[in-house]
Each structure stands twice: as structure tokens, then as C-alpha cells.
Amino acid sequence: LQHPAARYVLNTFQQEWEHGKTSIESWTLCCDGSYYEGTKSREEATGWGFSVSYLATHTATPYLVHVSGGPVTDADLVHFAITKQGNDVGEAVALHYALLYAAIHIPPGSNITLIYDSTATGKAAEGIYNTPANTNAIARATRGVVHRLQANNISITFQHTYSHEGQPLNELVDGVAKAGAKQIFL
């Protein structure tokens, strides 16, 4: 029995393979953020999550290689010069950590599809939006990781998806990000 996220990766890969849009190796990264506004008994918190899937033509099913997530910590806020918690912060941190994972673990010459549900965060990583909100330290650091991946001949396809529309990988990382907002590390 395949997990819905694994089935999605396999179906997408097969469609792209048939149309000559993918190579032998295909990596899919999906990221999401979550924000908890806080209550009298608990402070506000932001979480992040990402998943990494891998499929090669010789495999029968895709591999869900890695899932990570956790809260946006004070160290994250200081490192990226972020002044307050929020959903966009979780989105940006998740996207940054997903690409950083790729830069460390995915071999040169690979193809990556990066799935995200925050248009502003995804476009900032692509370098398309150049507004003050997207020229902050985390956007610049993320674009630096994108350039590092591209320098290693890693092709990145940025793919927006709508949140809570049933896209399996997005639903998976949404749950991971929500756990992060509850101060749970995965």
C-alpha cells in the first residue's frame, strides 16, 4: 500500500517521463510553514516542515527520503534578522532548510521540483519578487542556496500548489509544520 504522497510523486514522475520532461533521477522537495497566534497560556509560535522524495527509473516506487520540521527558534530569528513570528516566517524558513538539505545531500546534475504554497516565499527564492519584504536576510540567504545548487548543475523547478487542496506532499509537510508550531521537532 503506497502512501498518497508517494503515489503522487510516482504519478507525476511517470507523466513527466512520458513527455520527456524529466531525467533518470528526480527529486521532489515540498515545504510549508504554520503559525500559532498564541493564547493567554501559550506564546505565539511558528513552525516549519519539509519533505524530500526521490525516484529513479529503476525503482518501482518513490522513496520518501527525509522529513524534517520544528519550531522557528530564537536563533533562527536572530540569524535571519526576523523581528516577529508569523506564517510567512515559517514558509521562508521551511523553504530555506529544504534547499539547504538539497545542497548538502542531492548529487550534482540532479533535477529538483520544489513544491511550496506561499507564492511570495517561492517567488522570493526564485528572485522574481524584489520588494522590501523579499529582500530580507532569509530571502537573500535562500537565493544564495539556489545559486549554489545551480552552480552544481542542479536544475530547480519551482512549483506553486494551493494549500489544503489535497496535494499529498503539501498535506504531509503542513502537519509537520503544525507540529513545529507546537514546539515539536521531527
Side-chain angles (χ1 to χ4, degrees), residues 1-17 21-23 25-36 45-57 59-73 76 87-107 110-126 138 141-142 145-146 148-149 152 154-186:
L1 183 65
Q2 275 186 340
H3 185 279
R7 196 167 32 255
Y8 170 82
V9 173
L10 181 60
N11 290 341
T12 301
F13 179 84
Q14 286 173 335
Q15 290 169 1
E16 291 180 354
W17 179 262
K21 294 180 182 176
T22 192
S23 68
E25 293 187 353
S26 179
W27 296 86
T28 301
L29 281 65
C30 189
C31 53
D32 200 9
S34 182
Y35 176 63
Y36 175 77
T46 303
W48 58 271
F50 74 88
S51 68
V52 179
S53 304
Y54 169 75
L55 184 69
T57 55
T59 62
T61 59
Y63 296 98
L64 187 60
V65 176
H66 184 84
V67 176
S68 282
V72 173
T73 65
D76 291 323
N87 192 59
D88 285 343
V89 170
E91 300 279 354
V93 169
L95 196 143
H96 181 78
Y97 286 157
L99 289 171
L100 200 56
Y101 178 95
I104 294 167
H105 297 286
I106 294 180
S110 296
N111 295 320
I112 296 173
T113 299
L114 177 65
I115 301 172
Y116 58 90
D117 64 9
S118 168
T119 302
T121 302
K123 298 300 182 187
E126 283 186 86
I138 192 163
T142 300
V145 178
V146 168
R148 179 176 160 190
L149 288 163
N152 282 327
I154 295 175
S155 170
I156 305 169
T157 301
F158 291 84
Q159 180 182 322
H160 177 262
T161 189
Y162 291 98
S163 60
H164 311 295
E165 293 281 323
Q167 202 284 359
L169 291 172
N170 185 256
E171 297 299 328
L172 172 69
V173 295
D174 178 62
V176 173
K178 285 179 179 169
K182 293 178 183 174
Q183 306 299 306
I184 299 169
F185 283 96
L186 297 174

I'd like a table of donor-acceptor pairs (distance under 3.5 Å, sequence neighbours excluded) in which one partner is a side-chain atom from residues 88-95, with atom names and distances.
none

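Closest heavy-atom contact between Ala181 and Tyr36: CB-CB, 4.3 Å. For Gly49 against Ala177, the heavy-atom pair with the smallest separation is N-CB, 3.9 Å.
To the nearest 0.5 Å, the span separating CG on Asn111 from CD1 on Ile106 amounts to 10.0 Å. Once rounded to the nearest 0.5 Å, the distance linking CD1 of Ile112 with OG of Ser155 reads 8.5 Å. Taken from CD1 in Ile104 to CZ in Arg148, the straight-line distance is 6.0 Å, to the nearest 0.5 Å. Interatomic distance, Leu100 CG to His105 NE2, rounded to the nearest 0.5 Å: 8.5 Å. The OG atom of Ser53 lies 5.0 Å from the CG atom of Leu169; values are rounded to the nearest 0.5 Å.
At distances below 3.5 Å, not a single donor-acceptor pair connects side-chain atoms of Asn152 with backbone N or O atoms of Leu149.
Thr46 meets the side-chain hydrogen bond (donor to acceptor under 3.5 Å, both in side chains) test with Gln85; sequence neighbours excluded. Residues meeting the ring-ring contact (aromatic ring centres under 6.0 Å, His included) test with Tyr97, sequence neighbours left out: Trp48. Evaluation of the side-chain hydrogen bond (donor to acceptor under 3.5 Å, both in side chains) rule for Thr142 yields His96 as partners, not counting sequence neighbours. With sequence neighbours excluded, the residues forming a ring-ring contact (aromatic ring centres under 6.0 Å, His included) with His160 are Tyr116, Tyr162, listed by chain and number.
Residues Asn170 and Asp32 meet the side-chain proximity criterion, which asks for heavy atoms closer than 4.5 Å. A heavy-atom distance below 4.5 Å is not found between the side chains of Ser51 and Val176. Side-chain contact between Phe158 and Ile156 is present, with heavy atoms from C-beta onward closer than 4.5 Å.
Listed by first and then second residue, the salt bridge (charged side-chain N to carboxylate O under 4.0 Å, His left out) pairs involving residues 154-176 are Asp174-Lys178 (not counting sequence neighbours).
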